[in-house]
Amino acid sequence: MDPKINDALNGQIKEEFYSSYLYLSMAAYLESLGLKGFARWMEMQAKEELEHAMKIYKFVVDRGGRVRLFDIQQPPVEWESPLKVFEEALKHEQYITSKINGLMSLAREAGDYATEIFLQWFVTEQIEEEASVGEVVEKLTLVKDSPNGLFMIDRELGMRQ
Ligand code: FEO
């Protein structure tokens, strides 16, 4: 495979692992507030990111490319509030979307149809990712600091399968 695309895919593997790290750190912060439902939701998000990383890993291997694993930076540990956590998660997903779009452009320029088709799954996934995090941001914005509202959202998020 084109070395430039191989490198960029390796970079995306790192981004996905970092996403998992970030969300797990958010889950731990939410646990520290006693918000078990929020924490569970975020923990599941962290697991999904690992699956994203492995999907790309497998694709690089299947295409005869070379996987190179980069350093993963330390994520933040504390946030100001659950709302800030989800606002940051949304910003992060928007950043990931821009990375996927960049990869897509690269594959197009290189005429690498296999990578382009592979990335289509991620393009669609990002729509869902942004929408689901955005939904939580909206709910949290709506309830402001009401403990009752927070408790209700916590219960709802805890039901995520
Ligand atoms: Fe793997 Fe949430 O993007």
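Just so you know, these numbers come straight off a predicted model, no measurement behind them. Both counts, for ligands and for their atoms, begin at 1 and track the order of listing. Count residues from 1 along the sequence. All values below come from the heavy atoms of this structure, side chains included, with hydrogens, waters and symmetry mates left out.
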> Does the separation of the ring centres of Phe86 and Phe38 fall below 6.0 angstrom?
Replying inline: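 Yes, close enough.
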
> Would Glu93 count as a contact for atom 1 (Fe) of ligand 1, in the sense that one of its N, O or S atoms lies under 2.8 Å from it?
Replying inline: no

> Could Glu16 and Lys55 be called an ion pair, given the rule that one side-chain N must be under 4.0 Å from one carboxylate O?
Replying inline: no

> Lys84 and Glu88: salt bridge (charged side-chain N to carboxylate O under 4.0 Å, His left out), yes or no, with the steps?
Replying inline: CA-CA 6 Å; Lys84 286 275 178 231; Glu88 199 175 303; over 6 Å; no

>> As a quick check of understanding, evaluate side chain to side chain contact (heavy atoms under 4.5 Å, CB included) for Met104 and Phe122, giving each step before the final call.
In response: CA-CA 10 Å; Met104 187 62 118; Phe122 283 87; over 6 Å; no

> Can you give the angle Glu129 OE1 - atom 2 (Fe) of ligand 1 - Glu49 OE2, rounded to 10°?
Replying inline: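 The OE1/OE2 angle about atom 2 (Fe) of ligand 1 sits at 90°.
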
> Angle subtended at atom 1 (Fe) of ligand 1 by ND1 of His52 and OE1 of Glu16, to 10 degrees?
Replying inline: 100°

